[in-house]
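Working notes, beginning with the structure itself.
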Amino acid sequence: MAETPYYIDEDVGRDDPTQTGDESLPFKSLGFAVLTHGETHKFLTRKSVTGEIPEGSNASARLEWRPVAKAAMKKAVNYAKAQKKKAEKEHEQLALRQKEHADREKVLDEAKKIVLEEDSSLPKPVRIKLDDTDPEKIKLGDGKDTKGTRVRVFGRVHRERKQKGIMFLTLRDGYGYMQVVLAGQLAKTYDALTLTRETSMEILGELAEVPAGAHAPHNRELHADFYKIHPGWKAAGGDDAITNRVSKDTEHATLLDLRHLTLRGETASKVLIVRDAVEYAFNVVYKELRLRKVSPPALVQTMVEGGATLFGLPYYTEEAFLTQSSQLYLETCLPSMGDVFCIEKSFRAEKSLTRRHLAEYTHIEAELDYINFDDLLNHLELVMCRVLEVALANPTVKQYIMDLNPEFEMPERPFKRMKYSEAIEWLVENNILNEDGEPHKFGDDIAEAAERRMTDIINRPIFLTHFPAEIKAFYMLKDKDDARVTESVDCLMPGVGEIVGGSMRIDQHEELMAAFKREEIDPASYYWYTDQRKYGSSPHGGYGLGLERFLAWLCKQHTVRDCCLYPRYFGRCKP
Ligand code: 4AD
């Protein structure tokens with residue numbers, strides 16, 4: 001009896017094991033038929049829907065089964081061979097993986113039996129932070145004759161690597177980083193074999209110099225003799241490991257969603273540590289200059305910088321706003337406290353997504369009494385440079401600034417001073433157009449892009465002064481020599497643009513009232529501000545500096561969003 005052939009219908013057949021390959025249940029490909037049933041059979045094929053109809057035949061010719069061509073058979077045999085090889089390889093790999101898994105389970109089971117015990121004959125450990133280098137407290141051993149101090153440290157695993165059965169950890173505690181060496185049994189415990197980044201550890205051991213040619217923070221390493229990972233201290237691993245959630249390639253928006261984890265990275269933590277030092281330095285420098293610190297309210301009922309950027313909120317039965325600036329309140333402190341400053345949050349309902357706008361930012365503001373405009377500029381320059389000196393006096397902070405901004409140099413004093421009218425001329429000469437695409441003219445608000453281009457080209461701090469009254473806030477004093485302009489200043493920094501805005505204030509009651517009228521602001525709710533001009537006025541002025549913008553310049557960060565803990569801006573109010 002002739003052998004029953006296998007049928008292949010390239011159009012309606014199916015390559016799946018439930019097909020028998022007989023005429024009613026054909027396969028789809030010859031390759032599959034050969035792979036599943038071998039090559040020593042008879043195979044018949046057709047394309048029942050799309051097949052060519054030989055000339056002179058009718059459509060039913062498509063349904064005719066034909067023997068397969070030799071070339072097609074050869075191709076199918078090769079395909080079947082390749083598939084078989086591939087399956088064998090996969091099978092081998094699976095077996096290998098299973099063996100590895102079983103081996104690892106065995107090793108882990110063995111590892112579970114290792115229980116570390118602290119050697120009570122060793123010297124009592126000294127508790128230190130990871131940046132402690134106090135020679136009174138700590139001595140480094142040389143690994144041979146000189147013994148190092150035995151210390152107890154706490155920290156999280158920042159990085160880890162294994163080399164010939166020895167584990168090298170970089171531990172992090174927010175104060176510094178320390179290299180830790182786990183050798184012998186210490187590297188073989190279950191905890192060591194399953195160690196994940198960010199796991200918290202308590203480690204005891206002797207501090208030693210790093211071997212010649214090796215590098216580690218403070219040129220030292222901790223030779224651990226005992227450690228503990230307390231319950232709950234282990235960090236997630238596998239898919240959930242921190243390295244799978246935030247990395248250099250993660251999108252900026254995701255990094256901000258995961259800011260609580262991003263903060264553990266070196267860049268974010270350095271910026272925030274510099275921020276702490278800079279904020280502290282402002283306090284120090286203001287104290288040197290005898291300014292007193294005050295704390296004005298955040299909930300207010302008056303605007304300072306124009307209604308467009310006010311956040312309103314229901315306040316019991318009234319309406320209130322989040323403050324845009326504490327300036328007006330600072331002015332009220334001058335008569336009783338002398339020069340004053342504050343470091344408070346300001347809020348701007350700006351719907352702009354630029355890299356220098358936040359909805360909530362830290363505003364460093366000062367107000368000085370009995371001064372003239374020149375005094376204001378000199379003070380501002382002094383404060384900014386002294387703040388840098390004080391911050392950089394701390395070696396860790398200096399190192400972090402240089403890590404983040406290797407080209408950083410102390411700004412040259414005096415800062416370049418440039419009048420608004422000169423800036424307009426400069427922009428025209430340098431072909432930098434205004435927002436309407438036309439050459440700048442007197443009265444134009446210099447837009448962010450033009451301002452930044454100018455600052456970047458000039459490439460040094462600039463005091464841009466004497467802005468026209470129409471484009472500045474109502475409270476600014478007019479220049480007595482040129483009534484078109486005000487005694488106002490913006491400090492511009494390369495890479496960022498404006499970081500400070502300040503001015504002399506109108507100190508005459510009538511002139512202030514006229515300014516309210518010009519700006520169509522009802523002065524009634526400003527009675528406490530206008531009263532200052534009724535009860536012994538004085539020539540005074542002040543400024544506000546955006547801390548995040550100052551840091552973006554100092555730490556060379558692309559955006560102010562990376563210079564605060566949890567940035568708030570248009571579209572983001574989390575986490
Ligand atoms: O120029 P501004 O609006 O000036 C004032 O608020 C004055 N009342 C301050 C004063 O004289 N006491 O803001 C001052 C500074 C800007 O130069 C900028 O550094 C920062 O505050 N700033 C912002 N920073 C981040 N995001 C925003 N949306 C900001 N708006 C202003």
Side-chain angles (χ1 to χ4, degrees), residues 275 278 282 286 291 294 296 298 300 302-311 321-334 339-368 371 373 376-377 379-380 383-384 445-446 448 451-452 455 461-465 467 471-477 486-493 495-506 526 529 540-554 557 559-564 567-572:
R275 182 183 162 119
V278 167
F282 270 102
Y286 283 136
L291 275 76
V294 293
V300 300
T302 46
M303 64 164 187
V304 194
E305 298 298 323
T309 63
L310 272 180
F311 275 115
F321 312 116
L322 292 175
T323 190
Q324 295 170 307
S325 158
S326 298
Q327 176 200 324
L328 307 191
Y329 291 96
L330 290 185
E331 288 186 50
T332 67
C333 300
L334 297 177
D339 299 340
V340 285
F341 77 102
C342 68
I343 301 181
E344 300 283 344
K345 291 296 179 73
S346 279
F347 302 87
R348 305 280 169 108
E350 234 128 7
K351 285 199 176 143
S352 50
L353 283 169
T354 80
R355 57 188 165 109
R356 67 180 199 187
H357 284 100
L358 293 166
E360 175 185 332
Y361 71 96
T362 298
H363 206 169
I364 301 184
E365 295 180 274
E367 203 64 29
L368 308 171
I371 57 160
F373 188 47
L376 178 65
L377 299 186
H379 159 95
L380 194 47
V383 167
M384 288 168 65
D445 211 348
I446 302 175
E448 187 173 329
E451 176 190 281
R452 210 169 33 228
T455 319
I462 306 169
F463 277 154
L464 192 57
T465 64
F467 289 87
I471 60 168
K472 283 291 182 186
F474 70 89
Y475 51 74
M476 292 191 177
L477 183 68
T486 51
E487 289 194 321
S488 51
V489 58
D490 279 1
C491 179
L492 314 181
M493 286 298 191
V496 183
E498 181 202 330
I499 65 167
V500 180
S503 76
M504 295 298 291
R505 323 299 192 193
I506 295 174
Y526 291 81
Y529 182 68
H540 66 284
Y543 58 88
L545 175 146
L547 178 58
E548 293 80 7
R549 290 195 188 176
F550 186 80
L551 287 164
W553 164 72
L554 177 62
Q557 295 299 294
T559 160
V560 290
R561 296 174 189 175
D562 291 338
C563 296
C564 49
R568 266 54 184 135
Y569 55 89
F570 184 46
R572 176 173 295 277

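Below, each value reflects all heavy atoms present in this structure, side chains not excepted, and no hydrogens, waters or symmetry copies. Counting convention: from 1, in listed order, for ligands and their atoms alike. Nothing here was measured: the structure is a model prediction, and the numbers come from that model.
- Scanning the protein heavy atoms around atom 15 (C) of ligand 1, the nearest turns out to be Gly544 O, 3.5 Å.
- Just one of Arg561, Arg275, Arg355 meets the salt bridge (charged side-chain N to carboxylate O under 4.0 Å, His left out) condition when paired with Glu548; it is Arg275.
- In terms of protein heavy-atom proximity, atom 26 (N) of ligand 1 is closest to Leu358 N, 2.9 Å.
- Of the N and O atoms on the side chains of Glu331 and His540, at least one donor lies less than 3.5 Å from an acceptor on the other residue.
- Of the inter-residue distances, the one linking His379 atom NE2 with Leu368 atom CG reads 4.5 Å to the nearest 0.5 angstrom.
- Side-chain polar atoms of Tyr329 and Glu365 form no donor-acceptor pair below 3.5 angstrom.
- In this pair, Tyr529 and Tyr526 present their aromatic rings perpendicular. The plane angle is above 60°, beyond the 30 to 60° band.
- With a 4.0 Å heavy-atom cut-off, ligand 1 is reached by no atom of Glu548.
- Among all protein heavy atoms, the one lying closest to atom 18 (C) of ligand 1 is Arg549 NH1, 3.6 Å.
- Here is the list of ligand 1 atoms found below 4.0 Å of a heavy atom in Tyr475: 7 (C), 8 (N).
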**OP:** Would you check, one step at a time, whether the test side chain to side chain contact (heavy atoms under 4.5 Å, CB included) holds for Arg505 with Gln327?
**Re:** CA-CA 10 Å; Arg505 323 299 192 193; Gln327 176 200 324; 3.3 Å; yes
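- For Ala366, no nitrogen or oxygen atom sits less than 3.5 Å from a nitrogen or oxygen atom of ligand 1, counting backbone and side chain alike.
- Residue Arg356 has at least one heavy-atom neighbour below 4.0 Å for each of these atoms of ligand 1: 25 (C), 26 (N).
- In terms of protein heavy-atom proximity, atom 19 (O) of ligand 1 is closest to Ile499 O, 2.8 Å.
- If you look at Tyr543 next to ligand 1, the close heavy atoms, those under 4.0 Å, all belong to the backbone.
- Atom 5 (C) of ligand 1 has Glu305 OE2, 3.2 Å as its closest protein atom, hydrogens excluded (heavy atom only).
- Using 4.0 Å as the threshold, Phe550 has no heavy atom nearer than that to any atom of ligand 1.
- A salt bridge links Asp490 to Lys472: one of the charged nitrogens lies within less than 4.0 Å of a carboxylate oxygen.
- Judged by the shortest distance from any of its heavy atoms, Glu367 lies outside the 4.0 Å radius around the atoms of ligand 1.
- Evaluation of the side-chain hydrogen bond (donor to acceptor under 3.5 Å, both in side chains) rule for Ser326 yields no partner, not counting sequence neighbours.
- Under a 4.0 Å criterion applied to the non-hydrogen atoms of Val500, ligand 1 contributes the atoms 17 (O).
- Here Glu365 has side-chain heavy atoms under 4.0 Å from ligand 1, and that is the only part of it that gets that close.
- With ligand atoms numbered from 1 in the order given, ligand 1 contributes 1 (O), 16 (C), 17 (O) to contacts under 4.0 Å with heavy atoms of Glu498.
- For atom 20 (C) of ligand 1, the nearest protein heavy atom (residue, atom name, distance) is Tyr361 CE1, 3.5 Å.
- Ranked by closest heavy atom to atom 2 (P) of ligand 1, the top entry among Lys472, Arg348, Gln324, Gln327 is Arg348.
- Residues passing the side chain to side chain contact (heavy atoms under 4.5 Å, CB included) test with Thr354 are Ser352, Arg356, His357, Glu448, sequence neighbours excluded.
- For the ligand labelled ligand 1, residue Arg505 lies inside the 4.0 Å heavy-atom shell.
- In this structure, Arg348 forms no cation-pi arrangement with Phe311, as its terminal cationic atom is not both closer than 6.0 Å to the ring centre and no more than 45° off the ring axis.
- Closest approach of Gln324 and Gly306 over heavy atoms only: NE2-O, 2.8 Å.
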